[in-house]
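Let me begin by presenting the structure, written as structure tokens, before commenting on it.
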Amino acid sequence: MARRFVTLDVFTDRTLAGNPLAVVLDADGLDGNQMQAIAREFNLSETVFLLKPQEDENRARLRIFTVNHELPFAGHPTVGTAVLLAIRDGVETSTDFVLEESVGLISCHVNVKGPRLGNAIFTVPRIPEIIDDEPMSIEACAQALGLDASDIGFDEYRPVVASAGVPFVCVPLASRSALARISPSAARLIGTFGSEAESVYVFCRDEDGEGDFRARMFGANMGIDEDPATGSAAAAFAAVLLAGEKPADGFHAFDILQGVEMGRPSLVRLGLDVVDGALKAVTIGGGATIVAEGVIHI
């Protein structure tokens, strides 16, 4: 059977930047093993499979796969798929709809910028939280990342595990120079972080002022592959920002640059709605552009 697919670059407004994404449009009838095999064939950080929604009022149901396993939620697949659906629906300006993912319902707002370009903002379905507040060894974090102990931490930030549905070890770095010098290995990451090592998110303030923070993400379970842009990590990072920045009540926006060191510059827009010193809502936004279309025969 011929099944259509589209590839997009996400968290960017131009092709050959951002984080690549494949979306299989005709996924009804595929089982999980077939989806996993197709994701492995695309060999991208994530592949989305579009299915009919379980509730008619929702736009679509998404199943999201890495090359190794299914995810309950991911940011760049949500942004890219939302933009793609709005374009395919013939939207000329903007639209709102709800997507179904394993983590829950996700409300999206999409602005269409052209026949192949748009941007989307979605509300993270779970309030991010720091899930492991036990102090991590600065020396062990430095060794795992191939850095010096003096490179780890700044202001009140320290390594923690945070999650908005997918857990990430979030490691603050003292400078952009340290961010550029990271040289991790899968063995060192696993030895230091154990089961959490599949998702290690490192960040620093952006000294150049292009954004508020710069970040990189490494996945030991993917053979130490680096991800150009990680929306689910940015969502988890909201809990880290709340603890580190202590923002006043109200809405706060942060721009996070990622993928620069890979030659895939990406911009993730993170929004925090703070009420009584706690997170009330978190949003993730970014652009996406269609790159290619084709057919899979399976």
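Every heavy atom of this structure was used, including side-chain atoms; hydrogens, water molecules and symmetry mates were not.
- Taking the side chain as every heavy atom from C-beta outward, R264 and P20 approach each other to under 4.5 Å.
- What you find for A120 and V79 is that their closest heavy atoms are CB-O, 3.9 Å.
- With T230 as the fixed residue, the side chain to side chain donor-acceptor pair (under 3.5 Å) test singles out one of E46, H76, Q258: Q258.
- Here the CZ-CZ distance, from F73 to F122, works out to 4.0 Å after rounding to the nearest 0.5 Å.
- Taking CD1 of I298 as the reference point, atom CE of M1 lies at 11.0 Å (rounded to 0.5 Å).
- The two residues P77 and L62 come nearest to each other via the heavy atoms O-CD2, 4.4 Å.
- Inter-residue side-chain proximity for S266 and T12 is flagged as unmet; no heavy-atom pair is nearer than 4.5 Å.
- Within the 4.5 Å cutoff, the side chain of R14 has heavy atoms near those of the P265 side chain.
- Of the possible donor and acceptor atoms, none in the side chain of D28 sits under 3.5 Å from a partner among the backbone N and O of L51.
- Annotation: side chain of Q34 is not in contact with side chain of F49 (no heavy-atom distance under 4.5 Å).
- Taking hydrophobic clusters as Ile, Leu, Val, Met, Phe, Trp and Tyr residues chained together by side-chain heavy-atom distances below 4.5 Å, L8 shares a cluster with V91.
- Contact of the P172 side chain with the C204 side chain is not registered, since no non-hydrogen atoms from C-beta on lie closer than 4.5 Å.
- Although no hydrogens or angles enter the test, the distance criterion places a donor-acceptor pair under 3.5 Å between the side chain of R216 and the main chain of L179.
- Atom CZ of R3 sits in a crowded spot, with more than 12 heavy atoms from other residues, nucleotides or ligands closer than 6.0 Å.
- One hydrophobic cluster, built from ILVMFWY side chains closer than 4.5 Å, cannot hold both V10 and V291; they sit in different ones.
- Distance alone, capped at 3.5 Å, places no donor-acceptor pair between the D273 side chain and the A281 backbone.
- In this structure, E129 contributes its side chain and A236 its backbone to no donor-acceptor pair below 3.5 Å.
- Going from atom CD of E101 over to atom CG of L71 covers 9.5 Å, rounded to the nearest 0.5 Å.
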Exercise for the section: Kindly determine whether T81 and L21 satisfy side-chain contact (heavy atoms from CB on, under 4.5 Å), including the steps that lead there. Expected result: CA-CA 9 Å; T81 302; L21 174 72; 4.2 Å; yes
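- Smallest separation of non-hydrogen atoms from A39 and V67: O-CG1, 3.9 Å.
- Side-chain contact between V240 and Y201 is absent, with no heavy atoms from C-beta onward closer than 4.5 Å.
- Here the closest non-hydrogen pair linking P228 and G18 is CB-O, 3.6 Å.
- A donor and an acceptor atom, one from each side chain of R188 and T192, are nowhere located under 3.5 Å apart.
- Here the side chain of E70 pairs no donor or acceptor atom with the backbone of R63 at under 3.5 angstrom.
- Both V160 and I127 are part of a single hydrophobic cluster, where members link through side-chain heavy atoms under 4.5 Å apart.
- Within 6.0 Å of the CD atom in E207, the count of heavy atoms belonging to other residues, nucleotides or ligands exceeds 12.
- In summary, D89 and R59 engage in a salt bridge, as defined by a charged side-chain N under 4.0 Å from a carboxylate O.
- In this structure, F154 and F213 have tilted ring planes: the angle between them lies in the 30° to 60° band.
- Remark: the backbone N or O of R4 is paired with a side-chain donor or acceptor of D26 at under 3.5 angstrom.
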Practice task
Evaluate the criterion ring-ring contact (aromatic ring centres under 6.0 Å, His included) for residue pair F237 and F254; output intermediate values, then yes/no.
Solution key: CA-CA 11 Å; F237 182 50; F254 298 90; 7.9 Å; no
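- In this structure, I256 and F11 have side chains that are not in contact, with every pair of non-hydrogen atoms separated by 4.5 Å or more.
- Open room surrounds CD on E156; 12 or fewer heavy atoms of other groups in view lie less than 6.0 Å from it.
- I106 contributes atom CD1, which lies 6.5 Å from atom CG of L99 (distance to the nearest 0.5 angstrom).
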Exercise for the section: List the steps and the verdict of side-chain contact (heavy atoms from CB on, under 4.5 Å) for I38 and V24. Expected result: CA-CA 9 Å; I38 293 170; V24 178; 4.2 Å; yes
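- Contact detail for P159 and I152: the closest heavy-atom pair is CG-CG2, 4.0 Å.
- Atom CD in E245 sits 8.5 Å away from atom CG in D212 (nearest 0.5 Å).
- Side chain of D31 to backbone of N33: a donor-acceptor contact under 3.5 angstrom is found.
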Practice task
Evaluate salt bridge (Lys or Arg N to Asp or Glu O under 4.0 Å) for D13 paired with K113, printing each intermediate quantity in order.
Solution key: CA-CA 10 Å; D13 59 2; K113 302 296 185 181; over 6 Å; no
Problem - Stepwise side-chain contact (heavy atoms from CB on, under 4.5 Å) test for I296 and E41 - result: CA-CA 10 Å; I296 300 171; E41 182 76 12; over 6 Å; no
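- In the hydrophobic clustering of ILVMFWY residues, with side-chain heavy atoms under 4.5 Å counting as a link, V110 and L117 come out apart.
- When all heavy atoms of I182 and P184 are compared, the pair lying nearest together is CG2-CD, 3.2 Å.
- To the nearest 0.5 angstrom, N58 atom CG is 5.5 Å from L105 atom CG.
- Inter-residue side-chain proximity for R214 and L173 is flagged as unmet; no heavy-atom pair is nearer than 4.5 Å.
- If you chain together hydrophobic residues whose side chains sit under 4.5 Å apart, L267 and V83 never meet in one group.
- Here the side chain of N111 pairs no donor or acceptor atom with the backbone of N119 at under 3.5 angstrom.
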Exercise for the section: Carefully, step by step, assess S232 and F168 under the rule side-chain contact (heavy atoms from CB on, under 4.5 Å). Expected result: CA-CA 9 Å; S232 53; F168 291 86; 3.3 Å; yes
